[in-house]
Amino acid sequence: MTSGFSQSDMSLIRVRDLSVRFAGTPPVHAVNSVSFDLAPGEVLGILGESGSGKSVTLKTLLRLLPERKATITGTVEIDGQDVLSLTGRGLADHRGGIVSMIFQDPSLALDPVYTIGQQIAESVIRHEGASKQDAMARALEMLELVRIPSAKQRLENYPHEMSGGMRQRAMIALALACRPKLLLADEPTTALDATVQIQILLLLRELQQEMGMGVIFVTHDIGVAVEVSDRLAVMYAGSFVETGSVKDVIRDARHPYSKGLLAANLVGAVPGTRLDAVPGAPPPLNALPEGCAFAPRCAVAEDLCLVSPVPLWSDGENRWARCVHAKREAARKDRMGAGN
Amino acid sequence: MSTPILSAHSLVKHFNAGGFGAARKVVRAVDDVSFELAPGETLGVVGESGCGKSTTARLLVQLLKPDSGSVRYEGKVVGPELPLKAFRSKVQMVFQDSFASLNPRMTMIDAVAFGPTVHGVSQSDAIRKAQDLLDRVGLDPARFGGRYAHELSGGQRQRVNIARALAFDPQVIVLDEAVSALDKSVEAQVLNLLMDLRRERGLTYVFISHDLNVVRHISDRVMVMYLGEVAEIGPAESLYGAPCHPYTEALLAAMPSLDPDQRTMEAPLAGDPPNPIDPPSGCRFHTRCARAFGPCSTQIPPSYTVGRSHVAACHLNSVKEHVA
Ligand SMILES: Nc1ncnc2c1ncn2[C@@H]1O[C@H](COP(=O)(O)OP(=O)(O)OP(=O)(O)O)[C@@H](O)[C@H]1O
Ligand SMILES: Nc1ncnc2c1ncn2[C@@H]1O[C@H](COP(=O)(O)OP(=O)(O)OP(=O)(O)O)[C@@H](O)[C@H]1O
Ligand SMILES: [Mg+2]
Ligand SMILES: [Mg+2]
């Protein structure tokens, strides 16, 4: 259990006022004042608009952004380390040692010219200084852990010799080989069919619990987010607009963008009929409005929303939303609850 | 059915997987696949990762040459009876890999305007058309037109690809995982756009996706593939309502739960698909099928008609037919 902002001593991740700008004409304000915590062993699912900064946020945590083009401000602490100031050896230990990332496309993580065994062993040698023999033994153990059949033979396989689902599992094995405290997953099952996807999700859920690892899982699939997450966050135009437990957000979202996103879910729609999409398009990321970035598209926006900074509503524990209406809605629901 | 606008006839494509002579190995990516598309119809295609959906799509749009079999457009065999150039202007494809299909040195507006200029439209008209199309896929041309592919998010790139295919004014569009990179709201916008265009211009779609909800929503008929073959094909409603192939059943049962209190506890289908280099004998699904019986390991199942324009390649249907 974690809170939105307090309790930071025991957090695995502590992000405060994180902003990322890409140089260019015009510049892109990809992430804007994002703050959140993640407890050790907690799984945070991130849903959100395409282009809202989900991948950029994950890449920042791993320090994968091009240094020359991206300006990062704010603080990012992972496992007590100030991530933004890491260099050299410290950065190398951070990447793959403390934090690992898996992607939609395994070719971003797997090198086509080395066997799966070589790649896992190499990572174990680099991060733990293990002997070659021990590292290979770990590689085998990892392939068994992710349930790749005939793991021993598969150690000798090159990535292209495996099926899509197996490559995805090999990438997970590589990412987990050094027992990271944090796994960043950027749509890792989007390219898989439903039968393989559910296998991978169940596997991740099990390994996460076994290893007590924190996970951030980015997906567009609401069902996938429900299957893996403890807590959900919704991103819009570079900001977190809402977070709460999976149940709270899925059943009773408080931000109008989250509501719109969840309503656009196809489940239950009559085939062939027009779908409810949030009308309009997101604002340009170089010229965000003074007030709420969603206000220009919001059906319940008031004059106030466009100009003044958005107040944060929180239930004092686990959930919050950046919307004036969230506060009123909460008060109304409390009254109704008290009346029952 | 009136003359199909597009049809596949016993398409076969095997890829070389190393080895020579007797030791030569081939990946049986597509093995005897046939189907027809009526004008204005949308055919959804689903199936396991690696079962040959993208290869089928590439054969269909003539980006790959089949080992055998043919594609017909309005009844004419493409190649001998219908020149490739004429075919290309009618049938467009949106690729699964949004990055690889965009030229890294072209701005997005030029990428979309490219098609019309190739077809003799003036530069200024092509740009205007490109702006209009970017707008329709929800990307402000003033903001995104001047960007390069690496400066867009995955979902933004995929929408540029859809605009680019539309710029050719095709009759048929083959969409390979065209919406899987989009958030649900933008996905809904793009699906609405595709449904509008289908109504306005009578477009025909082949819609490949892993998202079974999306496929159900947009498709008139659905084709389920397994290891290079068609397992089942039929109207979306009857296929989802009463699947007649155990693989289709497993696929539908594997859809993630939307209820946090009812998470999935067990995968309906265990293990990995067999190697397409050496597919199982008889029914290719028998090694993983919970209901395999006598003939499954030795006899290739024929296509049983299980309903109106609904066929399934599973021996269980022979039993059902006897029972019925
Ligand atoms: N290297 C870059 N240079 C300039 N802009 C960039 C760069 N990388 C990303 N962006 C922009 O930053 C914003 C956030 O991108 P990001 O990839 O984080 O989106 P996302 O939320 O992951 O979207 P999707 O769901 O489509 O993957 C987008 O508007 C994108 O166009
Ligand atoms: N150019 C190629 N050379 C060798 N093998 C190939 C080639 N293209 C595809 N294959 C193989 O053919 C099979 C079918 O691949 P295809 O890309 O058509 O599958 P798919 O159904 O689209 O999968 P996914 O759902 O993962 O996109 C796979 O085993 C694949 O590895
Ligand atoms: Mg992304
Ligand atoms: Mg494919």
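Every chain is numbered from 1, with letters handed out A, B, ... down the list of sequences.
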After noting the C-alpha distance and the side-chain angles of B:Lys184 and A:Leu262, does the key distance pass the side-chain contact (heavy atoms from CB on, under 4.5 Å) rule?
CA-CA 8 Å; B:Lys184 288 292 149 194; A:Leu262 294 168; over 6 Å; no
Can you tell which part of A:Leu261 gets under 4.5 Å to a heavy atom of chain B, answering side chain, backbone, both or neither?
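For A:Leu261, backbone and side chain are both near chain B.
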Which atoms of A:Val270 approach chain B - backbone, side chain, both or neither, heavy atom under 4.5 Å:
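The backbone, not the side chain.
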Answer with side chain, backbone, both or neither: which region of B:Arg157 has an atom nearer than 4.5 Å to a non-hydrogen atom of chain A?
neither
Strictly distance-based, threshold 3.5 Å: is any side-chain N or O of [X] a donor or acceptor partner for the main-chain N or O of [Y]?
| X | Y | answer |
| --- | --- | --- |
| B:Arg216 | A:Val267 | no |
| B:Glu48 | A:Ala194 | no |
| B:Glu177 | A:Thr190 | no |
| B:Asn192 | A:Leu275 | yes |

Is the CG atom of A:Asp276 crowded by more than 12 outside heavy atoms at less than 6.0 Å?
no
Measure the shortest side-chain to side-chain distance between A:Leu192 and B:His210 over non-hydrogen atoms and say whether it is less than 4.5 angstrom.
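No, too far: nothing below the 4.5 Å cut-off.
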Do B:Thr264 and A:Leu201 come close enough that some side-chain heavy atom pair is under 4.5 Å?
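B:Thr264 vs A:Leu201: side chains apart.
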Which heavy atom in B:Asp259 sits nearest to a heavy atom in A:Val226, and how many Å separate them?
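Minimum heavy-atom separation between B:Asp259 and A:Val226: C-CG1, 3.8 Å.
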Closer than 4.0 angstrom, basic N to acidic O: yes or no for A:Arg274 and B:Asp196?
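Looking at A:Arg274 and B:Asp196, the cut-off is met.
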Can you see whether A:Asp193 engages B:Ser49 through a side-chain donor-acceptor pair at a distance of less than 3.5 angstrom?
yes
